[in-house]
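Structure, as structure tokens:
Every chain is numbered from 1, with letters handed out A, B, ... down the list of sequences.
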Number of protein chains: 2
Amino acid sequence: MTLEPKRNSNAGTWSHRASGHRNVDIARSEDPDIGIPATCRICEARQGVVCGALAAAQLRELSRHSTRRKVDAGREIVAQGEEVTSYSNIMDGVVKLCKVMPDGRQQIVGLQFAPDFIGRPFVPESTLSAEAATPAEICVFPRGLLDRMIADTPELRHNLHAQALKELDAARDWMLTLGRRTAQEKVASLLYLIATHAEPETTSSTAFDLPLSRAEIADFLGLTIETVSRQMTKLRKQGVIRIENNRHIVVPDMDELERLVSA
Amino acid sequence: MTLEPKRNSNAGTWSHRASGHRNVDIARSEDPDIGIPATCRICEARQGVVCGALAAAQLRELSRHSTRRKVDAGREIVAQGEEVTSYSNIMDGVVKLCKVMPDGRQQIVGLQFAPDFIGRPFVPESTLSAEAATPAEICVFPRGLLDRMIADTPELRHNLHAQALKELDAARDWMLTLGRRTAQEKVASLLYLIATHAEPETTSSTAFDLPLSRAEIADFLGLTIETVSRQMTKLRKQGVIRIENNRHIVVPDMDELERLVSA
DNA sequence: ATTCCGATTTGATTCAGATCAAAATTCCTT
DNA sequence: AAGGAATTTTGATCTGAATCAAATCGGAAT
């Protein structure tokens with residue numbers, strides 16, 4: 001899902017880790033995957049917000065009209081202000097949601113990870129752009145079809161509603177970061193956010209690859225590239241993180257990092 | 001309420017807009033208000049997100065268990081981290097949604113106006129506090145009851161979902177303001193936001209009362225009181241606004257103000 | 001009216017982060 | 001493996017907003 005640190009405690013509710021209460025229970029007499037398309041069975045997003053709420057027949061129809069697509073890093077999936085004619089699921093990779101101003105200043109307003117859903121029911125055009133931050137794989141389906149399924153499927157509506165509320169919380173958490181935290185705290189917040197998404201079993205030590213360049217991190221934190229770089233260096237010199245090849249980060253002690261976020 | 005003039009116009013807009021498709025059509029043979037509690041008929045929030053979706057019988061039951069309450073400016077309605085046992089509708093006034101850090105730094109993450117709904121379905125406790133910014137009047141009802149109505153009423157679910165998405169958009173717009181705009185642009189953004197909520201018929205000239213103190217404006221914009229004050233003075237000297245009694249603002253030319261927001 | 005107290009403005013100074021300008025690294029292509 | 005472009009780091013300087021410190025204003029109580 002989107003932002004908010006601390007994800008660990010309730011991460012389970014959402015992503016594939018959520019599949020527990022639905023699929024993992026093998027003691028069932030009939031295979032729950034009967035009639036489910038083969039592509040879906042192995043799909044990252046099978047238990048996601050959208051597909052996790054669909055019946056076998058719906059899944060079959062949706063999959064008939066879906067196309068899996070690879071998206072290069074930096075490639076746009078939905079453009080700001082554009083009319084939206086399709087939705088997608090993220091199968092793999094990280095997608096950033098951006099807002100840009102006419103003069104070019106831009107702000108990343110959310111990050112989405114597999115198996116998140118990208119789309120905005122009820123509104124014809126997108127108020128932001130969605131762009132692959134890493135090489136990504138998405139499953140695209142026509143808007144009208146899913147809108148119809150939304151209309152027919154209470155559980156799907158519920159899931160989308162819950163996702164919207166979760167994103168709202170994440171956005172508001174990030175508002176606090178943008179408005180009231182120092183550069184140091186901002187960078188620590190971002191690292192903490194990524195760490196908790198990349199490596200959900202937060203043992204005391206963690207390692208992960210940054211899905212964002214320094215420029216993108218700056219756009220997420222409302223800082224400049226130089227400030228981000230300096231703060232990363234500072235964290236490195238303080239021993240809070242190790243940096244390998246610019247993108248790979250090791251956090252020897254997550255508690256230390258969390259402390260720097262100041263809640 | 002500090003905001004008399006604003007309140008009136010605001011009230012007007014919402015009700016006739018909302019009632020248009022439901023109530024105003026007189027050519028109906030039976031009175032659509034039959035069976036609707038008297039308090040509801042004259043209620044600000046009658047056509048709001050919640051009550052606008054309820055049938056007469058539901059409205060009757062809800063109103064039986066609701067209490068109208070006056071809340072002084074600055075008084076808390078919901079506390080951050082507290083378990084939520086009731087929801088409310090704002091009948092009058094402005095409510096601010098805040099997040100505070102352990103060390104006292106705080107950020108306003110949203111403003112709600114009558115007849116908005118305050119509450120957070122699906123989640124037991126609130127991640128933010130809601131506090132009256134102006135003297136306010138709210139209609140409080142027990143959580144369990146509304147949760148049941150939510151379960152029973154598709155239109156209500158839809159309205160709440162749509163409101164969540166609207167708030168999400170607003171939050172993301174504000175993220176751009178917090179992260180990428182200058183102090184001048186931030187203050188202009190806030191004035192523009194209030195102006196467009198207070199005086200929806202945006203003719204070229206507008207006047208309104210600020211529902212927030214300088215300190216609250218600072219907490220909304222991620223600035224200090226002094227910076228807010230200086231920027232207001234600057235806007236005044238530039239002739240973009242006139243300030244009367246600190247709280248009352250006149251904007252001679254809304255286009256000029258909008259220009260300063262830089263989109 | 002007068003007094004008082006909190007809110008707001010104004011002024012002087014400081015400082016975190018921006019900007020400008022190279023150097024150093026990484027990584028991509030050949 | 002070498003070359004070259006892009007990304008990142010580092011350094012020097014500047015500046016917008018924060019901080020510190022008074023004045024002034026405005027509104028409530030007397």
Side-chain angles (χ1 to χ4, degrees), chain A residues 72-74 101 103-107 133-135 177-191 209-238 241-249 260 262, chain B residues 1-4 72-74 101 103-107 133-135 177-191 209-238 241-249 260 262:
Chain A
D72 294 338
M101 293 170 61
D103 65 7
R105 281 178 285 178
Q106 79 175 72
Q107 175 70 44
T134 63
T177 298
L178 288 173
R180 289 305 186 196
R181 288 200 230 262
T182 63
Q184 169 103 221
E185 292 169 336
K186 285 180 176 182
V187 171
S189 299
L190 179 84
L191 294 175
D209 277 314
L210 282 175
L212 303 177
S213 70
R214 297 295 184 271
E216 290 170 317
I217 293 173
D219 280 338
F220 200 10
L221 296 172
L223 297 172
T224 58
I225 306 180
E226 293 95 327
T227 299
V228 170
S229 174
R230 279 184 245 271
Q231 295 301 336
M232 299 267 289
T233 305
K234 207 156 144 195
L235 289 174
R236 178 168 55 69
K237 287 183 175 161
Q238 292 173 214
I241 58 174
R242 286 208 313 278
I243 305 177
E244 278 150 28
N245 294 340
N246 286 339
R247 287 291 186 124
H248 191 76
I249 304 287
L260 291 178
S262 342
Chain B
M1 145 113 327
T2 1
L3 316 181
E4 277 345 309
D72 294 338
M101 293 170 62
D103 64 7
R105 281 178 285 178
Q106 80 176 68
Q107 175 70 43
T134 64
T177 297
L178 288 172
R180 288 304 185 197
R181 288 201 230 263
T182 64
Q184 168 103 220
E185 291 169 335
K186 284 180 176 183
V187 171
S189 300
L190 179 81
L191 294 175
D209 276 313
L210 283 174
L212 303 178
S213 70
R214 298 293 185 272
E216 290 170 317
I217 293 174
D219 280 339
F220 199 11
L221 296 173
L223 298 172
T224 59
I225 305 181
E226 295 94 326
T227 299
V228 170
S229 175
R230 280 184 243 273
Q231 295 302 335
M232 298 268 287
T233 305
K234 207 156 143 195
L235 289 174
R236 179 169 54 72
K237 287 184 176 161
Q238 291 174 216
I241 57 173
R242 285 207 314 279
I243 305 178
E244 277 149 28
N245 295 339
N246 286 339
R247 287 289 184 123
H248 191 75
I249 305 286
L260 290 178
S262 339

Original post:
What does nucleotides 18-30 of chain C look like as a protein-contact string, B for base, S for sugar-phosphate only, - for none, at under 4.0 angstrom between heavy atoms?
Top reply: SBB-----SS---

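- Taking 4.0 Å as the cutoff to heavy atoms of chain A, we find the contact window on DNA chain D bounded by dT8(D) to dA12(D).
- Looking at residues two or more places apart in sequence or on another chain, you find a side-chain contact (heavy atoms from CB on, under 4.5 Å) between Ala215(B) and Ser213(B), Ile225(B).
- For Arg230(B), the salt bridge (Lys or Arg N to Asp or Glu O under 4.0 Å) criterion is met by no residue, not counting sequence neighbours.
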Original post:
So Ile243(A) and Ile249(A), side chain to side chain contact (heavy atoms under 4.5 Å, CB included) or not? Walk me through it.
Top reply: CA-CA 5 Å; Ile243(A) 305 177; Ile249(A) 304 287; 4.1 Å; yes

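- The distance between atom NZ of Lys234(A) and atom C1' of dG17(C), rounded to the nearest whole Å, is 11 Å.
- Contacts of Asn246(A) classified as side-chain hydrogen bond (donor to acceptor under 3.5 Å, both in side chains), with partners at least two apart in sequence or in another chain: none.
- For Arg180(A), the salt bridge (Lys or Arg N to Asp or Glu O under 4.0 Å) partners are Asp219(B), not counting sequence neighbours.
- Whole-Å rounding puts the Arg105(B) CZ to dA16(C) P distance at 13 Å.
- For Asn245(B), the side-chain hydrogen bond (donor to acceptor under 3.5 Å, both in side chains) test picks out no residue, with sequence neighbours left out.
- Bending across the helix from dA1(C)-dT30(D) to dT30(C)-dA1(D), expressed as the angle between its end axes from five pairs apiece, amounts to 50° (10° rounding).
- In this structure Thr224(A) satisfies the side-chain hydrogen bond (donor to acceptor under 3.5 Å, both in side chains) test together with Thr227(A), sequence neighbours excluded.
- Counting only heavy atoms from C-beta outward, the side chains of Thr134(B) and Asp209(B) never approach each other to under 4.5 Å.
- Under the salt bridge (Lys or Arg N to Asp or Glu O under 4.0 Å) criterion, Glu226(A) pairs with no residue at all, not counting sequence neighbours.
- Atom CD1 of Ile225(B) and atom C1' of dA7(C) are 8 Å apart (whole Å).
- At a threshold of 4.0 angstrom between heavy atoms, the contacts of Thr233(A) are confined to the sugar-phosphate backbone, with no base atom among them.
- Residues passing the salt bridge (Lys or Arg N to Asp or Glu O under 4.0 Å) test with Arg236(B): none are found, sequence neighbours excluded.
- Computed from coordinates, the Arg181(A) CZ to dA16(C) P distance equals 19 Å when rounded to whole Å.
- By the side-chain hydrogen bond (donor to acceptor under 3.5 Å, both in side chains) test, Thr233(B) pairs with no residue at all, sequence neighbours left out.
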